[in-house]
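So the structure is just underneath, and the comments pick up after that.
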Amino acid sequence: MTTKWRIALVQMNIEAGNTEANFAKMEAKLEEAAALDPKPDLIVLPEMWNTGYALTEIRKLADPDGARTKEVVSRFARRHGIHVLAGSIAQLRGDAVTNTIHVFDRSGAATAEYSKIHLFQLMNEHQHLEAGETAGAFELEGVPAAAMICYDIRFPELARKLALGGAKLLLVPAEWPHPRLHHWRTLLQARAIENQMFVVSCNTVGESGGSSFFGHSMAIDPWGEVLAEAGEEETIVVADLDLALVDEVRGRIPVFADRRPSLYE
Ligand SMILES: O=C(O)CCC(=O)C(=O)O
């Protein structure tokens, strides 16, 4: 199993409520990422890329059972032999809408699904979306990985649980606005340092519904070093990770062995 992973983060502007434009852009961005040389092993899309924060009409706009997303992204993954974490989408499930990630492997098979656990009240998510009920742990070609969505990163207990479950790589699609850039950077670095794992985040850019999304998609190593970070424009961020660093850092400062959970759990 290779420990070297090239990851591409699609930092894109989403047009709130315009699913056709967003699907077209997403497909174009996937092709652009696949054309990188060398080509990435994994492409990550941002949060709710199909609809943006068009929450008042979200039931009408959400992808029923994620069918359209699954068909398009699965076909792309298979054609290019690239893993895709299809950001999250607004997904219609019966009567409810969830904020859901789908993961596809190089053969195009859907290998994991995760719905945002913590809904962000400041942007009224709790009034329009249904929260997920399970944590997002999965494997990428034998690599233990995990996903959290945006506001989820404010909950260190969740990241710790995923790390204790073995995750070496945490993937974070987001739609995180100004003025909390310092929260975003600090929280992502903290999750990487305290859990001694890679944290890779993909944010959106642009203005919508009075919010301004700042980008700054990042790849952070288990030592807390920022390997790559975007500015505030549309771009594809590329990061080359060597997952062997996780075991090295965990061996150097044995945080997991030194835990005393009986005193604080
Ligand atoms: O926690 C924050 O400050 C931003 C979270 C957010 O925008 C979201 O979860 O959609």
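Whatever order the structure lists them in is the order used to number ligands and atoms, beginning at 1. Below, all heavy atoms of this structure are taken into account, side chains as well, without hydrogens, waters or symmetry copies.
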Report summary line: Within the 4.0 Å heavy-atom cut-off, what Ala174 brings close to ligand 1 is neither
**Report entry** Exceeds 12 heavy-atom contacts within 6.0 angstrom, atom CD of Gln127
**Finding:** yes
Query raised in the report: In terms of atom number and element, which parts of ligand 1 are under 4.0 angstrom from non-hydrogen atoms of Met123?
Result: 7 (O)
**Report entry** ligand 1-proximal atoms of Phe213, by part, heavy-atom distance under 4.0 Å
**Finding:** neither
Query raised in the report: With atoms numbered from 1 as shown, which atoms in ligand 1 lie under 4.0 angstrom from a non-hydrogen atom of Pro177?
Result: 7 (O)
Report task. Determine, for Asp247 against Lys168, whether the closest basic-nitrogen to carboxylate-oxygen distance falls under 4.0 angstrom. Result -> yes
Query raised in the report: In the protein, which heavy atom is nearest to atom 8 (C) of ligand 1, and how far is it?
Result: Cys150 SG, 3.0 Å
**Report entry** Tyr53 and its side-chain hydrogen bond (donor to acceptor under 3.5 Å, both in side chains) partner, picked from His128, Glu175, Glu125
**Finding:** Glu125
Query raised in the report: What residue and heavy atom of the protein are closest to atom 10 (O) of ligand 1, and at what distance?
Result: Tyr53 OH, 2.7 Å
Query - Contact atoms of ligand 1, heavy-atom distance to Arg154 under 4.0 Å - result: 1 (O), 2 (C), 3 (O)
**Report entry** Flag for His178-Glu207: side-chain donor and acceptor within less than 3.5 Å
**Finding:** no
Query raised in the report: Would you say the side-chain atoms of Glu130 and Thr98 include a donor-acceptor pair closer than 3.5 Å?
Result: no
Requested in this report: Pick whichever of Glu47, Glu175, Met48, Lys116 has a heavy atom sitting closest to atom 9 (O) of ligand 1.
Outcome: Lys116
Report task. Tell me, please, whether Phe256 has Arg160 positioned over its six-membered ring: NZ or CZ under 6.0 Å from the ring centre and within 45 degrees of its axis? Result -> yes
Query - Heavy-atom side-chain proximity of Leu55 to Met48 below 4.5 angstrom - result: yes
**Report entry** Enumerated ligand 1 atoms positioned under 4.0 Å from heavy atoms of Arg180
**Finding:** 2 (C), 3 (O), 4 (C)
Report summary line: So for Phe120 against ligand 1, with non-hydrogen atoms under 4.0 Å, the contacting part is side chain
